[in-house]
Amino acid sequence: MLQAGEWAYTEKLKEHFMSPKNIMQGENTDEFDGVGMEGNLQCGDQMMVVIKVDRDTEVITDCQWKTYGCASAIASTSILSEMVKGKTLDQAFHISPKEVAQELGGLPDNKIHCSVLGDKALRAAINNYYVRNGMDDKVKQEQAKTICQCMSITDHDIEEA
Amino acid sequence: MKVYFDNNATTPLHPEVKKELIEAMGMFGNPSSMHAWGREARANVEDARSRVAGFIGAHDDEIVFVGSGSEANNTVLSLFVCASNQCIPGTKMRSSIITTKIEHPCVLETSECLAHRGARVKYLNVDRYGKVDLDQLAGMLGDDVGLVSVMMANNEIGTLQDIATISKMVHECGALMHTDAVQAVGKIPVDVAALGVDFLTISAHKIYGPKGVGALYVKKGIPYCPFIRGGHQERGRRAGTENTLGILGLGKAVEMRQLEMEAEEKRLASMKAILKKGIEERIDDIYFNGHPTDSLSGTLNVSFPGAEGEAILLYLDLEGIAVSTGSACASGSLDPSHVLLATGVDAERAHGSIRISLGRESTMQEVEYMLDILPKTIKRIRDMSTAYIKGGTHAASR
Amino acid sequence: MKVYFDNNATTPLHPEVKKELIEAMGMFGNPSSMHAWGREARANVEDARSRVAGFIGAHDDEIVFVGSGSEANNTVLSLFVCASNQCIPGTKMRSSIITTKIEHPCVLETSECLAHRGARVKYLNVDRYGKVDLDQLAGMLGDDVGLVSVMMANNEIGTLQDIATISKMVHECGALMHTDAVQAVGKIPVDVAALGVDFLTISAHKIYGPKGVGALYVKKGIPYCPFIRGGHQERGRRAGTENTLGILGLGKAVEMRQLEMEAEEKRLASMKAILKKGIEERIDDIYFNGHPTDSLSGTLNVSFPGAEGEAILLYLDLEGIAVSTGSACASGSLDPSHVLLATGVDAERAHGSIRISLGRESTMQEVEYMLDILPKTIKRIRDMSTAYIKGGTHAASR
Ligand SMILES: Cc1ncc(COP(=O)(O)O)c(C=O)c1O
Ligand SMILES: Cc1ncc(COP(=O)(O)O)c(C=O)c1O
Ligand code: FES
Ligand code: FES
């Protein structure tokens, strides 16, 4: 007989779930340079990512977040918030959910969409930064079609994941 | 501390059931065999049947042993879709079925499949406490209705239905009555005559018996056709070599329930009251789901808006506490509980709910530990929740 | 002396299986639960799945745990009668089924029921040794055939079929192939790839595992729809809380078979040869049924014209020896064995036959005891038999 069943998720995910990094303290989003919000409470998943950006280099200096979400959403956004620090806006925009999942050592199939959420919120925050700074031309639109209305998740996201 | 508060999902074996199983392991005959080994197994299976029958006020030959509560429910529903009815000579089943929106998936999914196969299936609404709408039932009942299936106690919120009243209405229109009593038998008194049901489902593993065995009560004289076919086992009503160990375990589990149920349910009720009061006092912005009084004494379902259910479950798990979100068998599904939605709870509150289900091994120390850990856990999750930020849904309530 | 020679009906638990069950009794979680208790149960169930899969050369996710061999067989056959096929989107099942006249009742009765429900069912003949008529199969196969179900080893006479050849023929016509391998797995090597089957049935209690649990092999990519519906258990392929103890017992049983099968089958074969020779030498006017070589090594079916099977069984029982007439689950029925009749044996010989089935606990002392008691028993019965009075059917043969 096997003694202990392994955790539902990887150890890495468990670590980030137990002590999530960069949770936004307080409620004041005004002190950030970009704010992105995805999902909604009715669907059981919501994510907000806020970023601080060095205007000269376009490097992300801080990334914080809040979520109404499950263990995968919490852990994947925690790890994502670590990954983007020091990256340029452009580099950060192109981090794929797949890379996030890889960092976590894999995710169960039915949980992939949860990691997509953090990624989408980050992209929304980056776009928000561009809009706020009059760089509307830099705003990147998602090309793919939305296949999950409720999560605003696209077929593109799923493939990426 | 290790705290198992998920007794509606499944229960530990009763120590007496363990003993019985260990003792019975040498008894290996096939109850269908005519020789000594077979007769020994047969005698023990029949003894278990008597205990189960006695516990719910049935005759011995009204009890069919099956492989699970799910199988029992599938068996009953499936009686109503045969295109030929060759197995039940002389009976033409009526082809409409009525059930409720809060049934266990094994009833709901089977109903959906039957609908594909030509049955008409209607689903009863429930009120905000999870009670079936009897007026709606009265309106639905008619000449075409063959079967009404209403669960006795709900697994997620614990709400009890008035099966006796429903049976009466159902019989008046000439239909048959089934109740899934998996969560009720062994927790509240169940007497098939008083309930007036034609079919009733029991599962052993919810009452400290083994998993993979259940019983179906089939009232004498009611048209019946086996679901699993072959062999003459169970008087031709369920094929497959009898799960002798499982059946003996169920018999013993029922015997122990008979001895312990009454006192224990009182104990659970008082523990639940303490748990409820403690949660109310220590955590704000909460909602209890299910009926405030007509409910299983060990079941407490509570919503914490702004905190997601799976996150609560897993943070509690890290502290050694087992609870569930919705029903165990729905885990893996991302949809909010169909039961909570049916009671009119909005999706967010449904997503943020957990079920705490106490059992015979639960202690007051465990309740206290839970009351220590749960508030911290909810705070922790709410602190990182978007639902509580400025402009978030619950910002005002803070 | 107590002699259990009815191992085809059911077998005693292997001591290692008993140990496993006793150890596992504390592990009570529901494998669908996400918390620690659930994960422990899940890990153990998946471990058992790997063992079963490995034993028959399948992938883990091709194994579905079920409640019995009968349920597995019902599951496969029932795939072919849904009027709607909503559950298997895009697949329109062909509606003819071919099986044999010597299948287990759980295949034959289900087939009959399917025939009532609109399926066309054809039954293959067997020769006098119980081998399926392959020419007849070739003639029956056509565009309309959806499923062919042929048992691998017969429970009454032990005859083995050439499943690999049959699978090939079946696949050439585009149908699916099922084999009921309940009596084969654990006795002869079984490899699903070599056999080329799409479905294969296993039952634990025939190989020293617990009753009430079995496994169905479902080849990857094959259309499938659950028989028992509800819940997400077994990846949505079989609802009902998993019988964790039973599944662990099956896993252990399979593990022990892997270690012991080869040596033991040789031992059983030599014991059977001695038994056969002894019966031949000591009792006249007898017939062995089944194939002389292509047969299970522990199964010996023999007819004693002039002696009625049940009488033989009960006289042997009085001497402490357990055998069976036909299959255990047909007991209660007074009809002669459908298997023997299909091999062309006349009704009288069929009535006068017993099945002796050896197992891992059988000893040479038991064989000797049997060879001492059986001749006396047959003589005793024949001495009071009308078949042996002057002018009786068999008087001449004396
Ligand atoms: C060939 C065969 N198939 C199927 C079965 C049914 O298996 P179970 O008793 O597990 O339902 C048996 C034995 O009973 C059998 O011998
Ligand atoms: C109300 C209800 N019905 C049916 C079932 C199914 O019982 P089993 O797990 O024995 O199939 C359950 C539990 O899983 C239940 O809670
Ligand atoms: S013929 Fe109707 S259920 Fe069998
Ligand atoms: S709709 Fe075909 S089996 Fe359910």
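This is a predicted model, so every value here is computed, not measured. Note: hydrogens, waters and symmetry copies are ignored here, and every other heavy atom, side chains too, is used. Each chain gets a letter, A, B and so on, in the order the sequences are listed, and its residues count up from 1.
For chain B, the option among C/Leu13, C/Thr241, C/Val17 with the highest count of heavy-atom pairs below 4.5 Å is C/Thr241. With chain C as the partner, the residue from B/Pro12, B/Gly118, B/Ala41, B/Gly212 showing the most heavy-atom pairs under 4.5 Å is B/Pro12.
B/Lys211 places no side-chain N or O within 3.5 Å of a backbone atom of C/Gly246 that could act as its donor or acceptor partner.
There is no contact between B/Val66 and chain C, counting heavy-atom distances below 4.5 Å. Only the backbone of C/Glu242 comes within less than 4.5 Å of a heavy atom in chain B; its side chain stays farther off. For C/Ser70, the parts lying under 4.5 angstrom from a heavy atom of chain B are both the backbone and the side chain. For C/Val213, no part lies near chain B; criterion is any non-hydrogen pair under 4.5 Å. Of the two parts of B/Asn243, the backbone and the side chain both hold a non-hydrogen atom closer than 4.5 Å to a non-hydrogen atom of chain C. Of the atoms belonging to C/Thr75, not a single heavy atom falls under 4.5 Å from chain B. For C/Leu314, the part sitting under 4.5 Å from any heavy atom of chain B is the side chain, from C-beta outward, and nothing else.
At least one side-chain heavy atom of B/Asp6 sits under 4.5 Å from a side-chain heavy atom of C/Ser33. With contacts defined as side-chain heavy-atom distances shorter than 4.5 Å, the pair C/His35/B/Tyr4 qualifies. Two residues are said to be in side-chain contact when any heavy atoms from C-beta on lie closer than 4.5 Å; B/Arg39 and C/Asp317 meet this criterion. Residues B/Phe227 and C/Ile228 have side chains in contact (heavy-atom distance under 4.5 Å, counting atoms from C-beta outward). Between C/Trp37 and B/Lys2 the shortest side-chain heavy-atom distance falls below 4.5 Å. Contact annotation: the side chain of B/Ile22 never approaches that of C/Lys18 to less than 4.5 Å [non-hydrogen atoms, C-beta and beyond]. Using a 4.5 Å heavy-atom threshold, the side chains of C/Leu21 and B/Leu245 count as touching.
Screening B/Thr11, B/Thr10, B/Asn8 for a side chain to side chain contact (heavy atoms under 4.5 Å, CB included) involving C/Asn30 leaves a single residue, B/Thr10.
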Next on the checklist: For a side-chain contact (heavy atoms from CB on, under 4.5 Å) check, start with the C-alpha distance between C/Leu108 and B/Arg229, then their side-chain angles and the critical distance, and finish with the verdict.
Outcome noted: CA-CA 9 Å; C/Leu108 292 178; B/Arg229 285 185 178 75; over 6 Å; no

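What you find for C/Met34 and B/Leu313 is that their closest heavy atoms are CB-CD2, 3.8 Å. The minimum heavy-atom distance linking B/Gly240 with C/Ser68 is given by the pair CA-OG, 4.3 Å.
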